[in-house]
Amino acid sequence: MAFPKNSFILVFLLICSLSWNAWAKVEMTMDESVEVYLGDLADIPCQYVFSEQPRAVMIQWFVRIPGSSSRERIYYGDNTQQIVDDGTDFTGRITVSDIGDQEGVLLTIQDVQLTDEREFFCQVNGMAAGNGEGKTHLRVFDPPEASVIEGVHTGISVTNELPSRIASCEARNSFPKPNITWYRDSSPLTPTHGQINVVTLVTRESSGFYTVQSELQYKVAKEDKDALFSCEVSYYVPEGVRTAKSKVINITVHFPTTIIELWKESPQGLVKEGDTVELRCQGDGNPPPPFTFNREQEQETALEASDDTLVLREVTRGDSGVYQCRALDLDTYEQVTGDMQLTVHYLDPAVVVPKDSEILLKGESLTATCNALSSLETTTVWLKNGQEVGKGHMLFLQDATYDTAGEYVCEVTVSSLSGLHTSGSVHIIVQGAPQMKDADREVEMDEGTGKWVNLSCEAHAHPLTTISWTVTGSQSWREVLTRATEHSTISVVSIKVTSDITAFCNATNDIGTETKSFSIRAIPMVTSTAPYSPAEGNGVIIVVIILCILLLAILGSVLYFLHKKGKIPCGRSGKQEITKENPNKDDIVMEMKTNTKTEDAGLLKGVNGDKNGPSDQ
């Protein structure tokens, strides 16, 4: 410790001041503590009031040595000098100044360090005026780094008897020591015997900072599978206490399966024969246990499946029944079962009675039936040539005619299950004698002599008919067409009309005959000349006159054009003659020939393109 040169005088003054302590007083005022962030500047004020005016004031600053009750002086000052002691942790970093208009001094510490957190003592000595001492605790703060939380990566079973390690949380490089609180969702967790344990490890680094590690041990339940865990770090700052929350984590909770659900994944809706059915199984345990599938009536036989899915391909009605899904929990060794009823719907082929074909005589009746066995309600319709002719599984054919013949198709469908349908058919044949349209009425017609006439005849019957013709009144006739279908025969003959004709169409089969007659009356052909019509003659004359006028107009235009160009000669010699020396350009003298025919001929010849004039010919 360094002492001033006049130390003896100071010692003397101190002894004198002690003798006056009984009468002199000094009131000291100092803050209990001063709080500052690491690295900032700290101001510690020391105020004093003497009961009587001192002749001189001596001020000293001391600091407590860490881990000891001893003190170390860091500053001395009086009316004549100010000294910062050498060799201390504050050498070069402190200054002492007066406090404005008040009695007192201000200790300023620059670049505050963690080791500066101590008690600072201010001693004031006014000699005979008295002396006093005060202290202030300097508190240094530095917030921690962002907290780091890490959850366990393996699953935690609810069957564990003791709390299991859930997660760890760490707050590094803080001063003073921070605290860590655990949360489940938004609720803080308090250590509870047998349920919640919190293990905390505090480390003081060589730098003086604190690192706090906290481990949460928790007895999980099934409800914790969706819970979110987090930690909150609370730390001190000059303004008070601050908190910082970590990110949230979710843990994997293992719990046994207690319920199994089995359902049909596809197809949607009802199942019919031929479908591919997919059954899915799911339990409420975690992790999912291995599943086995079987039919209720065949519990000892496991069906081949893939994990939680059973696929049944091209099912039949025999695949209907109760299916089961079983799971064995490996922790409790308890077996849990889920089941469902599978119904495969079907529609058998339609059975039509009579089968294939049926022969009816004209006038007879028939009742046809169509039935198809199905697990669902069906709808039946009868069609002929694509047109609906009946509904229901029975078809009534009354008083059969040739129009009744044909193929009848019954279609059976299931309205509640699309794609489930079947059909059958019956072929109806109607037998009877030939039948022709309007056979009882003779066909009459008039036709000109010499022309050819086509007569047609169509007969319906089964068995097929043979058509023959009988023609009287003409030797010139021939059959030009004959065609037979399943129920009818058509024949067409061409007859030349030479006189009145009678023709008979005869249709015959094994059952009977029918005849249709035709009567043709021959009309003589008359050739006549149309009489002259005065109106038509007048029209022709008018047209001729108009054409002549048009030709004359064209001819005059051509002649005038040639005259202007000097292409037409004048006078008897065929040349143009000028009677004046200087004639007016508008006075032209022409000499006309008396031989009109010759002149006209010459003009016409020139018009037709002859380059030589009349005199050159």
Inset, instruction - Go through the steps for S187 and D185 under the test side-chain hydrogen bond (donor to acceptor under 3.5 Å, both in side chains), then give the verdict. - result: CA-CA 6 Å; S187 301; D185 295 331; over 6 Å; no
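- Taking OG1 of T252 as the start and CG of N286 as the end, the distance is 7.0 Å to the nearest 0.5 Å.
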Which side-chain N or O atoms in residues 411-422 pair as donor and acceptor under 3.5 Å with protein atoms at least two apart or in another chain?
unit_1: T422; atom_1: OG1; unit_2: A350; atom_2: N; d: 3.3

Inset, instruction - With side-chain contact (heavy atoms from CB on, under 4.5 Å) as the test, would you mind laying out the steps for W61 and I44 before giving the verdict? - result: CA-CA 11 Å; W61 282 93; I44 304 176; 4.0 Å; yes
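- Sorted by first and then second residue, the ring-ring contact (aromatic ring centres under 6.0 Å, His included) pairs involving residues 34-53 (not counting sequence neighbours) are Y48-F50.
- With T211 as reference, E205 is the one residue of R172, E205, R204, K177 to meet the side-chain hydrogen bond (donor to acceptor under 3.5 Å, both in side chains) rule.
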Inset, instruction - For side-chain hydrogen bond (donor to acceptor under 3.5 Å, both in side chains), just list the numbers for D31 and T136, CA-CA rounded to whole Å, side-chain angles, deciding distance to a tenth of an Å, and then say yes or no. - result: CA-CA 6 Å; D31 295 331; T136 295; 5.8 Å; no
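- For the atom pair CZ of R295 and CG of L303, the computed distance is 8.0 Å after rounding to the nearest 0.5 Å.
- Between the side chains of T91 and T88, at least one donor-acceptor pair of N or O atoms lies under 3.5 Å.
- Of all heavy-atom pairs spanning R64 and R118, the tightest one is O-CD, 3.1 Å.
- For residues 69-108, no residue pair satisfies the disulfide bond (SG atoms under 2.5 Å apart) rule, not counting sequence neighbours.
- Taking CD of E273 as the start and CG of D319 as the end, the distance is 9.0 Å to the nearest 0.5 Å.
- Using modelled atom types and a 3.5 Å distance limit, the side chains of R93 and Q110 yield no donor-acceptor pair.
- D348 pairs by the salt bridge (Lys or Arg N to Asp or Glu O under 4.0 Å) definition with R317, not counting sequence neighbours.
- In plain terms, the two heavy atoms of I196 and L189 that are nearest each other are CD1-CD2, 4.0 Å.
- Contact check on R71 versus E133 returns a salt bridge, with a Lys/Arg side-chain nitrogen under 4.0 Å from an Asp/Glu carboxylate oxygen.
- Among residues at least two apart or in separate chains, disulfide bond (SG atoms under 2.5 Å apart) pairs with a member in residues 253-304 are C281-C325.
- Salt bridge D275/R313: absent, no basic N to carboxylate O contact under 4.0 Å.
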Legend entry - Criterion side-chain hydrogen bond (donor to acceptor under 3.5 Å, both in side chains) on Q324 and R326, from CA distance to verdict: CA-CA 6 Å; Q324 293 181 333; R326 297 173 179 270; 2.9 Å; yes
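- Residue T337 holds its OG1 atom at 10.5 Å from CG of L328, rounded to the nearest 0.5 Å.
- The distance from the OG1 atom of T378 to the CG atom of N371 is 8.5 Å, given to the nearest 0.5 Å.
- Counting only residues at least two apart or on different chains, the ring-ring contact (aromatic ring centres under 6.0 Å, His included) pairs with a member in residues 184-224 are F175-Y210, Y218-F229.
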Inset, instruction - Check the pair D98, V105 against side-chain contact (heavy atoms from CB on, under 4.5 Å), reporting the backbone distance first and the verdict last. - result: CA-CA 4 Å; D98 293 336; V105 294; 4.0 Å; yes
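- Pairs of residues two or more places apart, or lying in two chains, that qualify as ring-ring contact (aromatic ring centres under 6.0 Å, His included) and include a residue from residues 104-136 are F90-F120.
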Cut-off 3.5 Å, no hydrogens considered: what does the side-chain donor-acceptor table look like for residues 140-154, sequence neighbours left out?
unit_1: E145; atom_1: OE2; unit_2: N173; atom_2: ND2; d: 2.7

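- The list of disulfide bond (SG atoms under 2.5 Å apart) pairs with a residue in residues 120-181, not counting sequence neighbours, reads C46-C122, C169-C231.
- Between A171 and I180, the shortest heavy-atom distance links the atoms N-CD1, 4.3 Å.
- Atom-to-atom distance recorded for I74:CD1 and I109:CD1 is 6.0 Å, nearest 0.5 angstrom.
- Contact between A221 and V158 at its shortest, heavy atoms only, is C-CG1, 3.5 Å.
- By the side chain to side chain donor-acceptor pair (under 3.5 Å) test, E407 is found to be paired with S425, residues two or more places apart in sequence or in another chain being considered.
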Legend entry - Working for side-chain hydrogen bond (donor to acceptor under 3.5 Å, both in side chains), residues N125 and Q123: CA-CA 7 Å; N125 192 338; Q123 286 186 357; over 6 Å; no
Contacts table for residues 380-394: side-chain donor-acceptor under 3.5 angstrom, sequence neighbours left out:
unit_1: W382; atom_1: NE1; unit_2: G392; atom_2: O; d: 3.0
unit_1: K384; atom_1: NZ; unit_2: D403; atom_2: O; d: 2.7
unit_1: K384; atom_1: NZ; unit_2: T404; atom_2: O; d: 3.4
unit_1: K384; atom_1: NZ; unit_2: A405; atom_2: O; d: 2.9

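- The salt bridge (Lys or Arg N to Asp or Glu O under 4.0 Å) search around K219 returns none, not counting sequence neighbours.
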